[in-house]
Protein chains: 2
Amino acid sequence: MVFFQEQAVTSSDKTYFQLREEIVEGLIPAGAKLSEVELSTKFEVSRAVIREAINRLEACNIVERKANVGARVVTLTEDGLLELYQIREALEGMAARLAAQNMPEAEIYELSSLLEGQQDEVRQNHTYYQEAGDLDFHYRIIVGSKNQQLITMLSNGIYHLARMYRVQLGMTGPRVTTAYDEHKHIVRAISNRDGELAEILMRRHIQYSKNNIAVKLTKMK
Amino acid sequence: MVFFQEQAVTSSDKTYFQLREEIVEGLIPAGAKLSEVELSTKFEVSRAVIREAINRLEACNIVERKANVGARVVTLTEDGLLELYQIREALEGMAARLAAQNMPEAEIYELSSLLEGQQDEVRQNHTYYQEAGDLDFHYRIIVGSKNQQLITMLSNGIYHLARMYRVQLGMTGPRVTTAYDEHKHIVRAISNRDGELAEILMRRHIQYSKNNIAVKLTKMK
DNA sequence: GATATCTAGATTGTCGACAATTTATCAGTT
DNA sequence: AACTGATAAATTGTCGACAATCTAGATATC
């Protein structure tokens, strides 16, 4: 699935995208130091474009920088994960509420059909719900909010960090099949233009997956 | 009042802070183009530090950049303002909920005394509630959430854009005195460790001020 | 042996110059 | 007069070099 396409026009863009992917996927491990000269030889670009890429990663909360010292990939902690899900709960809850107000009927219909199409798949191997489908669902609702700042904030900022946690804690992906039913209920609320309910359901949905991850985390210890 | 101090260690920091202030205060008007050479001569630094400063402003959603074209200060629109307040409602509502869970008693007591101290002031010139007081209140609750990512997001990202709207639409600034009572109710909920109520009250509080601004906006037309 | 100070190495911050791209100007054609 | 195309000016993107800062190791002192 093409989640949302970002086209790299400048060399700095390409470097940023690639670096981000390597960090999210764990090729560059959490906590690692990002040496500017090292990366500039690796990617065969000047330090200027590396610096710009690192700056953008910092804006995503994927790396942390200290002046005159350097940049490190963030370390993944249980607290950090909970913090992230609290933010997602607030923002995506609001996105669902706004989607109920602003999402065009056509988009709602598309989203609804998407879920219908996945129904068979869910029933067959009736345990899991593919991660891609989950992502697509959340993204469509975010876009449906029609709040451009919210869309940018979630797509550029939150999303990649959230994925980094999921990938590196081995929860790509997906959660038990009940997630599918939760999605259906949310869409129904949006379709009924019931923003209040849509927000409540979305927040619960995110709380459940947070709890699911928290359980896995404690098991890993 | 010292809202929260950022200390500029590097030349790029200083440029970023100053540029941000000039934009927020309107010295550099909304929609203006940011020429790199022009700014580098004005601030007497190289283009590299200007570029870095502009990158950071972009991360705050204060300027927009297009590759190979340049950066412009964002234009202030009614839609943009509403979008911003929707985000604030979601995030600061969550902050209030978390503050009810996590804020240390000492900090709650401080916040409470702060409000008590302002009571006389409010009664005397019984119309307005100083902007500084309002900022301080919101900031303390955000910090009280103890969610580091939320704190960063609001302090570095949302806050400056919100202030830019208030300054340039002439609503520094304060809203009618009822805001003071709303603040008191929120603190009471936090003090009672009632996160659910604290969130509801904070969201209402922000909705009210949004409506207040929306009214002023329509009057200006 | 522990602490403090100094020096050398490495890393980041800043600069000016060149390359690539966009925008403006102007001539030419229909 | 309006549109197209080529050329020139201006702006952004990228580069390598130098300056400022931090880090590590060695030496000296108590």
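Residue numbers start from 1 in every chain, and the chains themselves are labelled A, B, ... in the order their sequence lines are given, proteins ahead of strands.
Rounded to an integer number of Å, the gap from CG of B/Asn68 to C1' of C/dT21 is 5 Å. Rounded to whole Å, the distance from CD1 on A/Ile54 to C1' on D/dT14 is 16 Å. Summarising the geometry, the separation between CG on A/Leu34 and P on C/dT12 is reported as 9 Å, rounded to the nearest angstrom. Rounded to an integer number of Å, the gap from A/Glu38 CD to C/dA10 C1' is 13 Å. D/dT14 atom P lies 11 Å from atom CD of B/Glu36, rounded to whole Å. Atom pair B/Glu58:CD and D/dT12:C1' shows a separation of 14 Å (rounding to whole Å applied). C/dA17 atom P lies 12 Å from atom CZ of B/Arg47, rounded to whole Å. Put simply, CD1 on A/Ile50 is 15 Å from P on C/dT11, counting in whole angstrom units.
Of the two residues contacting DNA chain D, namely A/Asp13 and A/Val69, the nearest-nucleotide position lying further toward the 5' end is that of A/Asp13.
Residue A/Ser46 has no polar side-chain atom (N or O) positioned under 4.0 Å from OP1 or OP2 of D/dT14. Look at B/Arg65 and you'll find a side-chain N or O under 4.0 angstrom from OP1 or OP2 of D/dG13. Within the structure, a side-chain polar atom (N or O) of A/Thr10 is placed less than 4.0 Å from OP1 or OP2 of D/dT14. OP1 or OP2 of D/dG13 lies within a sub-4.0 Å distance of a side-chain N or O belonging to B/Arg51. OP1 or OP2 of D/dT12 sits under 4.0 Å from a side-chain N or O of B/Lys33.
Out of C/dC15, C/dT12, D/dT14, the shortest distance to the side chain of A/Ser11 is found at D/dT14. Of the candidate nucleotides D/dC22, C/dT14, D/dC15, C/dT14 has the atom lying nearest to any side-chain atom of B/Val49.
Here the rule is side chain to side chain contact (heavy atoms under 4.5 Å, CB included) with B/Leu39, and of B/Thr15, B/Val49, B/Leu34 only B/Leu34 fits it.
Ring geometry for A/His138 versus A/His205: interplanar angle under 30°, hence parallel rather than tilted (30 to 60°).
Of the possible donor and acceptor atoms, one in the side chain of B/Thr41 sits under 3.5 Å from a partner among the backbone N and O of B/Glu38.
Within a 6.0 Å sphere centred on CZ of A/Arg65, heavy atoms belonging to other residues, nucleotides or ligands number more than 12.
For the pair B/Arg20 and B/Phe17, the NZ or CZ position fails the cation-pi test of under 6.0 Å to the six-membered ring centre and within 45 degrees of the ring normal.
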